[in-house]
Amino acid sequence: MMKINMVSMGCSKTLVDSEKLMYQLVQNGSQVFFEQEGVFDAVIINTCGFIADAKEESVEMIFQKIAEKHAGKTTFVIVMGCLTQRYAEAIRREIPEIDAVFGVDEPEKVIQWLSAKENIADRHKRVITTPSHYAWLKIAEGCNRKCSFCAIPAIRGRQISLPVEDIIKEALFLRDRGVKEILLVAQDLTAYGTDRYHSNKLAALLRELENIDGLEWIRLHYAYPANF
């Protein structure tokens, strides 16, 4: 059994990715902690690379965990996420003490590197790290807009809306674990469905979620005003 510490930097969408990775590792028999202090076999840092302050915080966290590695508090330092998606080669070159570097779309490679196996059927399941009454629910990834101030399309790529049935399955999973409030997130929430269904399906998705007994609140985050 490996003892693993998960550190999630940046936004709530990254946190959802971290929680799903944690669930897969737990199912493989690892003992997984969230942003704890102690002695671990491995620490996984899910980084942010969106704005300068976030990048600096991620780099500082990497060096902090490397210092813990030198002090014998952890064996492996694994880095993934938005920062490594943008600057993978530079990070490998400048910080050779990192044991493994992965991008935003490679959680299965992290699992494999740790000698574990991904269960595809459980991709909608998560370890909930927020207070038990609420959880984030990501409904799409990426963005098709080319805003000059935003690096998201360069990091996450074009928009990919998740199927309605997968979102409902994840919402039911959260509901069954006591979640009363779900917070919908995406890079561009109000464009949900335009890629997969060729029309905006946010309202239709909300009607489906509204029918789930036990969910008391649904909140919308990151709503681009066009076509709202």
Side-chain angles (χ1 to χ4, degrees), residues 1-38 40-50 54 57-58 61-62 64-66 68-69 74-86 88 91 98-132 134-142 152 155-157 160 162 166-167 169-174 176-177 179 182-183 185-187:
M1 177 186 293
M2 290 194 72
K3 189 177 178 182
I4 300 172
N5 188 24
M6 185 84 216
V7 178
S8 193
M9 312 291 293
C11 70
S12 54
K13 297 180 289 293
T14 298
L15 180 61
V16 172
D17 297 338
S18 298
E19 290 180 343
K20 291 185 176 182
L21 176 57
M22 290 171 68
Y23 186 90
Q24 292 283 343
L25 295 173
V26 169
Q27 292 303 107
N28 275 273
S30 293
Q31 189 177 9
V32 183
F33 299 82
F34 182 68
E35 299 183 350
Q36 297 292 312
E37 298 297 326
F40 303 96
D41 297 304
V43 59
I44 304 172
I45 308 170
N46 199 353
T47 60
C48 180
F50 183 44
E57 289 176 0
S58 292
M61 180 60 67
I62 292 171
Q64 176 183 325
K65 296 308 177 183
I66 286 174
E68 293 178 6
K69 176 182 176 179
T74 188
T75 304
F76 302 112
V77 175
I78 302 165
V79 181
M80 61 182 291
C82 290
L83 186 72
T84 53
Q85 183 74 18
R86 293 187 75 181
I91 289 172
I98 296 174
D99 295 283
V101 176
F102 301 97
V104 295
D105 298 320
E106 299 179 317
E108 72 284 351
K109 292 185 179 180
V110 177
I111 296 168
Q112 292 170 3
W113 196 90
L114 291 166
S115 300
K117 184 178 181 181
E118 181 187 23
N119 186 341
I120 296 175
D122 285 343
R123 282 184 175 177
H124 65 288
K125 299 180 179 181
R126 297 148 55 179
V127 172
I128 301 173
T129 61
T130 51
S132 60
Y134 77 86
W136 304 95
L137 181 58
K138 183 160 61 173
I139 66 173
E141 190 57 270
I152 289 299
I155 299 173
R156 294 279 181 170
I160 302 176
L162 300 177
D166 289 357
I167 296 171
K169 184 187 296 185
E170 188 168 340
L172 290 169
F173 173 83
L174 296 172
D176 292 344
R177 276 144 190 82
V179 171
I182 58 172
L183 302 95
V185 289
Q187 310 299 344

Under 3.5 Å: donor-acceptor pair, side chain of Ser12, backbone of Trp136: no
For the student: nearest non-hydrogen atoms of Met80 and Gly103, plus distance: CB-O, 4.2 Å
Glu118 with Lys109: basic N within carboxylate O range, under 4.0 Å: no
Pairwise distance NZ(Lys13) to SG(Cys82) - rounded to 0.5 angstrom: 8.5 Å
Test log, rule side-chain contact (heavy atoms from CB on, under 4.5 Å), inputs Glu68 and Ile66: CA-CA 5 Å; Glu68 293 178 6; Ile66 286 174; over 6 Å; no
side-chain hydrogen bond (donor to acceptor under 3.5 Å, both in side chains) assessment of Glu19 paired with Thr129: CA-CA 7 Å; Glu19 290 180 343; Thr129 61; 2.7 Å; yes
Contacts of Arg156 that satisfy side chain to side chain donor-acceptor pair (under 3.5 Å) - sequence neighbours left out: Asp17, Glu141
Point-to-point distance, once rounded to the nearest 0.5 Å, from NZ of Lys138 to CD of Gln187: 7.5 Å
Separation between CE of Met61 and CD1 of Ile45, rounded to the nearest 0.5 Å: 6.5 Å
Over all atoms of both residues, closest heavy-atom pair of Leu162 and Ile167: O-CD1, 3.7 Å
Side-chain touch Glu170/Leu172, heavy atoms, less than 4.5 angstrom: no
Where Ala42 and Met2 come nearest, the two heavy atoms and their spacing: CB-CE, 4.1 Å
Side chains of Thr14 and Asn46, donor plus acceptor under 3.5 Å: no
SB check Asp99 Lys69 (cutoff 4.0 Å): yes
4.5 Å side-chain heavy-atom contact, Leu25 and Ile44: yes
Check against side-chain contact (heavy atoms from CB on, under 4.5 Å), His124 and Asp166: CA-CA 7 Å; His124 65 288; Asp166 289 357; over 6 Å; no
Side chains of Asn119 and Lys125 in contact at under 4.5 Å (non-hydrogen atoms): no
Ile98 to Ile62 - nearest heavy-atom pair and separation: CD1-CG2, 3.8 Å
Check: Tyr134 main-chain N/O paired with Thr130 side-chain donor or acceptor under 3.5 Å: yes
Which atom of Leu137 lies closest to which atom of Leu174, heavy atoms considered: CD1-CD1, 4.3 Å
Heavy-atom check, side chain of Phe102 versus side chain of Ile78, under 4.5 Å: yes
Side-chain donor-acceptor pairs of residues 27-35 under 3.5 Å, sequence neighbours excluded:
from  : atom 1 : to     : atom 2 : distance (Å)
Asn28 : OD1    : Lys117 : N      : 2.9
Asn28 : ND2    : Gln24  : O      : 2.9
Asn28 : ND2    : Lys117 : O      : 2.8
Glu35 : OE2    : Ser8   : N      : 3.1

Test item: Asp41 side-chain N/O and Lys3 main-chain N/O as donor-acceptor pair under 3.5 Å: yes
Test item: Arg86 side-chain N/O and Gly49 main-chain N/O as donor-acceptor pair under 3.5 Å: yes
Side-chain heavy-atom pair Arg177, Ile128 within 4.5 angstrom cut-off: yes
Ile111 and Leu21: CA distance, side-chain angles, deciding distance, side-chain contact (heavy atoms from CB on, under 4.5 Å) verdict: CA-CA 8 Å; Ile111 296 168; Leu21 176 57; 3.6 Å; yes
Nearest heavy atoms of Leu83 and Cys48, plus distance in Å: CB-O, 3.7 Å
Distance in Å, Phe40 CZ paired with Phe76 CZ, rounded so as to fall on 0.5 Å steps: 15.5 Å
